Amino acid sequence: MIVEEYPHFDIQKTAESGQCFRLNRIGDHEWLLIAYGKVLQITMERKGRYCFSCGRKEFDSLWKDYFDLETDYGKFAERIPKKDLFLQKAAAFSDGIRILRQDPWETLISFIISQRKSIPAIQTSVEKLSAAFGKKIPAGTKTYYAFPRPEELSRADYDDILACSVGYRAPYIYRAAKMCASGELDLMSLSELDDAALREKLLSVNGVGEKVAGCVMLFGYHRTGAFPVDVWIQRMIDLHYDGHFPLKRYRGFAGIIQQYIFYYGRQTYDRSERMRMKIEKLDKKGSLI
DNA sequence: TGCCAGGCTTCAC
DNA sequence: GTGAAGCATGGC
């Protein structure tokens, strides 16, 4: 159990930022994370002061990097033009979010699952897969389950994967597991590649398109230049940038900007606005006919 | 009950 | 190259 001060780290925002599906709030000031075969409890003693349920060695060798605690995120926000009021607001609102260094394999499968699913539904599937095929992690009176390794998933019955509420994504998961377990796809060695080559390799996996590849690059390989565009990002770009986001301005850290837009957009965009955009789109379509 | 969800693949054209 | 259809199922 160690206590650390990180004034610019916000566990709540990070947990709610949609990049990780096994970092859950379990109390007013407590979160539970299952990652890398370990369970970590994080208690916020006060703003910027956290208690981690691990020893110094584990914290320094694993969690400090996992939460990217040594990076100064302020320098990214400073690069946003003052006149871009939307992004200024998004960055201020999201202050404290970190881009996590997650396991590439878990990130790959989690984001294959994510397509056309809500975040709670993704969490359900990830938990079901872990409980069905992952190794047990005993912790006190409770038992948790690690996310299954490729070998464990590749040995699974296809129908048992299907039973994890993954629907039509089951064959994608099954094939990815076979590829990784057989060595046909070595996710560890991909970290040697540059962004373009990594993207190409990820796109070669069935069920992985531009958006999922971007998420795996950003959250699994910490390629902060990746800019995955999902419905939320596209919605914000349409609404605030007339469909064209100035991506070049944020070369090398567009992924962090993307996360600010995603978090701010989801938290503040209401249904009436969504309806307005929908009607506008239909009108545009109608005017073309 | 119906709509929507951190999209992708396939197939026309 | 582009656009549309079809996809399984949970959560609200």
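The sequence lines fix the lettering, A, B, ..., with proteins before strands; numbering per chain opens at 1. Below, each value reflects all heavy atoms present in this structure, side chains not excepted, and no hydrogens, waters or symmetry copies. Just so it is clear, the model here is predicted, and its values are computed rather than measured.
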Assign the ring pair A:Phe86 / A:His240 to parallel, tilted or perpendicular, where the plane angle (0 to 90°) is split at 30° and 60°.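 Rings of A:Phe86 and A:His240: parallel, as their planes differ by under 30°.
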
I'd like to compare against my own output: the B/S/- annotation of nucleotides 7-12 of chain C with a strict under-4.0 Å heavy-atom distance to protein. BBSSS-

Near DNA chain B, counting only heavy atoms under 4.0 Å, which residues of residues 18-26 of chain A show up?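 A:Gly18, A:Gln19, in order of number.
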
Distance check, [atom1] atoms only: [N] and [M], in whole angstrom units.
N	M	atom1	answer
C:dT9	B:dT1	C1'	15 Å
B:dG6	C:dG6	P	23 Å
C:dA8	B:dC11	P	14 Å

Using atom [atom1] of [X] as one end and atom [atom2] of [N] as the other, report the distance to the nearest whole Å.
X	N	atom1	atom2	answer
A:Tyr172	B:dC8	OH	P	9 Å
A:Phe227	B:dG6	CZ	P	17 Å
A:Gln123	B:dG6	CD	P	10 Å
A:Glu106	B:dG6	CD	P	18 Å
A:Asp230	B:dC8	CG	P	10 Å
A:Ile119	B:dA5	CD1	C1'	9 Å
A:Leu202	B:dC8	CG	C1'	15 Å
A:Arg199	B:dC8	CZ	P	11 Å

Could you tell me whether the side-chain ring of A:Phe262 sits stacked on the base of B:dG6, using a centroid cut-off under 5.5 Å and a plane angle under 30°?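 Taking the rule of under 5.5 Å and under 30°, the ring of A:Phe262 does stack on B:dG6.
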
Phosphate-side-chain proximity, A:Asn206 and B:dC8, N/O vs OP1/OP2 below 4.0 Å: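 So the side chain of A:Asn206 is outside the cut-off, no N or O lying under 4.0 Å from OP1 or OP2 of B:dC8.
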
Have a look at [X] and say if it touches a base, only the backbone sugar-phosphate, or nothing, with a 4.0 Å heavy-atom cut-off.
X	answer
A:Val212	sugar-phosphate
A:Ile112	nothing
A:Ser110	nothing

Between [Y] and [X], is the closest basic N to carboxylate O distance under 4.0 Å?
X	Y	answer
A:Glu210	A:Arg199	yes
A:Glu152	A:Lys135	yes
A:Asp68	A:Arg98	no

Measure across A:Ala181 and A:Ser154 and return the closest heavy-atom pair with its distance rounded to 0.1 Å.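 Looking at all heavy atoms of both residues, the closest pair is CB-OG, 3.4 Å.
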
Identify, between A:Cys215 and A:Val205, the residue whose nearest nucleotide on DNA chain B lies closer to the 5' end.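 Looking at the nearest nucleotide for each, A:Cys215 comes out on the 5' side.
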
Given ring pair (Phe, Tyr, Trp, His ring centres under 6.0 Å), test A:Tyr250 with A:Phe227 step by step and report yes or no. CA-CA 10 Å; A:Tyr250 306 105; A:Phe227 189 82; 8.5 Å; no

Any donor-acceptor N/O pair under 3.5 Å between B:dG6 base and A:Gln259 side chain: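 Yes, a donor-acceptor pair under 3.5 Å.
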
CG of A:Asp186 to OG of A:Ser191: how many Å apart, nearest 0.5 Å?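 Atom-to-atom, A:Asp186:CG and A:Ser191:OG are 8.5 Å apart.
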
Counting the benzene-type ring for Trp, do A:Tyr260 and A:Phe76 have ring centres under 6.0 Å apart?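 No, ring centres 6.0 Å or more apart.
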
Could you identify which residues cluster with A:Ile11, counting Ile, Leu, Val, Met, Phe, Trp and Tyr as linked when any side-chain heavy atoms lie under 4.5 Å apart, either directly or through a chain of such contacts?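 So far as hydrophobic clustering goes, A:Ile11 is joined with A:Ile2, A:Tyr6, A:Phe9, A:Leu23, A:Trp31, A:Leu33, A:Tyr36, A:Leu40, A:Ile42, A:Met44, A:Tyr50, A:Phe52, A:Phe59, A:Leu62, A:Trp63, A:Tyr66, A:Phe67, A:Leu69, A:Leu100.
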
Heavy-atom distance under 4.5 Å between the side chains of A:Lys75 and A:Phe253, does that happen here?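 A side-chain contact under 4.5 Å is absent here.
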
